[in-house]
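Below is one structure, written out as structure tokens; comments come after it.
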Amino acid sequence: VLSNNPILKTPCEPVGVKEGLIIARQLVSFAQKFNKRADKVNSRNLRVAKGLENPQVKCLGLAANQVGINKRVCIYWNGRFFQPLVNPEIVRWSDETFVHSESCLSYPNDTLSVWRHNTIFFTASNILGEQQADFFTSAVISHEVAHTRGLTIHDFVDQDNLLSPDKWPGNEKRTLS
């Protein structure tokens with residue numbers, strides 16, 4: 001699903017864990033296929049192949065609405081495998097922020113300087129308790145969870161308008177103590 005599709009700006013519907021994990025398997029399959037294609041492009045040292053504008057970009061995460069499924073499910077690369085998150089929510093975050101260069105599969109021609117929180121704590125229906133993520137992993141998870149709330153990288157480019165998770169549809173204000 002590319003940038004002009006309204007599903008990207010629509011908050012996703014909550015989903016049951018069983019259905020969410022089935023959707024997550026579809027997302028993992030898509031991400032793995034995308035990454036294999038990116039690897040082939042990189043190995044041939046090509047600049048463009050079948051719409052892949054930046055062959056250095058790999059899929060590190062994916063939300064269900066990016067493949068046309070309006071359900072609150074996403075996956076992220078945890079360094080070993082794609083971790084599914086069903087009904088993810090960022091429940092606490094640091095006041096400290098950082099900016100880094102971020103891309104999105106739904107906006108293939110855009111690489112933006114995006115503001116993110118240094119540390120987040122998140123929950124999901126398919127994991128026990130709160131999980132912590134810092135810096136790069138925090139950014140990847142925040143990116144994907146934001147997609148499930150109808151937000152994109154374009155919503156995070158200005159530090160003065162940094163959208164903390166308390167301003168995301170469906171989240172309350174909770175900051176780290």
Look at the side-chain heavy atoms of Ile, Leu, Val, Met, Phe, Trp and Tyr, link any pair under 4.5 Å apart, and say whether Ile127 and Ile90 land in one connected group. yes

Is a donor on one side and an acceptor on the other found under 3.5 Å between the side chain of Asn118 and the backbone of Ser94? no

Identify whether Phe135 and Ile141 are in the same connected component of the hydrophobic contact network (ILVMFWY, side-chain heavy atoms under 4.5 Å). no

Which heavy-atom pair separates Ile75 from Ala24 by the least distance, and what is that distance? CG2-O, 4.0 Å

Give a yes or no answer on whether the side chain of Glu19 reaches the backbone of Gly16 with a donor-acceptor pair at less than 3.5 Å. no

Under a 3.5 Å distance rule, please check whether Asn87 uses its side chain to pair with a backbone N or O of Val15 as donor and acceptor. yes

Atom pair CG/CZ of Leu27 and Phe82 - distance to nearest 0.5 Å: 10.0 Å

Less than 4.5 Å apart, side chain to side chain, heavy atoms only: is that true for Val91 and Glu130? yes

Short side-chain to backbone donor-acceptor contact, Asn65 and Gly150, under 3.5 Å: no

In sequence, state the C-alpha distance, the side-chain angles, and the governing distance for Val67 and Gln26, and then conclude on side-chain contact (heavy atoms from CB on, under 4.5 Å). CA-CA 9 Å; Val67 296; Gln26 294 172 331; over 6 Å; no

Of all the heavy-atom pairs spanning Pro108 and Leu105, show the shortest one and how long it is. CD-O, 3.7 Å

Would you call the rings of His117 and Trp93 parallel, tilted or perpendicular if under 30° counts as parallel and over 60° as perpendicular? tilted

Gap between atom NE2 of His154 and atom OH of Tyr107 - 0.5 Å precision: 6.0 Å

Let me see the working for Ile120 and Ser142 under side-chain contact (heavy atoms from CB on, under 4.5 Å), right down to the final yes or no. CA-CA 8 Å; Ile120 62 167; Ser142 295; 3.8 Å; yes

So SG of Cys104 and CG of Asn109: to nearest 0.5 Å the spacing works out to 11.5 Å

Straight-line distance of Gln32 CD to Lys36 NZ, nearest 0.5 Å: 7.0 Å

Any side-chain to backbone donor/acceptor pair from Asn35 onto Cys59? Under 3.5 Å, distance only. yes

For a quick test of reading the model, state the closest non-hydrogen atom pair linking Cys12 to Arg72 and the distance between them. O-NH2, 3.2 Å

What verdict does the side-chain contact (heavy atoms from CB on, under 4.5 Å) test give for Glu89 and Arg149, after you've listed the backbone C-alpha separation in whole Å, the side-chain angles of each residue and the deciding distance to 0.1 Å? CA-CA 10 Å; Glu89 182 177 356; Arg149 303 309 173 103; 4.0 Å; yes

For Lys71 versus Ala64, what's the shortest heavy-atom pair and its separation? O-CB, 3.4 Å

Hydrophobic cluster membership, Phe136 vs Trp77, 4.5 Å side-chain cutoff: yes

Identify whether Phe98 and Tyr76 are in the same connected component of the hydrophobic contact network (ILVMFWY, side-chain heavy atoms under 4.5 Å). no

Start with the C-alpha gap between Glu102 and Leu112, add the side-chain angles, then the distance that decides, and say whether side-chain contact (heavy atoms from CB on, under 4.5 Å) holds. CA-CA 5 Å; Glu102 197 166 301; Leu112 305 174; 5.8 Å; no

Considering non-hydrogen atoms only, spot the tightest contact between Gln132 and Phe121 and give its length. OE1-CZ, 3.3 Å

Which distance, rounded to the nearest 0.5 Å, do you find between the OG1 of Thr152 and the NE2 of His143? 8.0 Å

Just how far is it from atom CD1 of Ile153 to atom OG of Ser106, taken to the nearest 0.5 Å? 9.0 Å

Tightest non-hydrogen contact, residues Val145 and Pro88, listed as CG2-CB, 3.7 Å

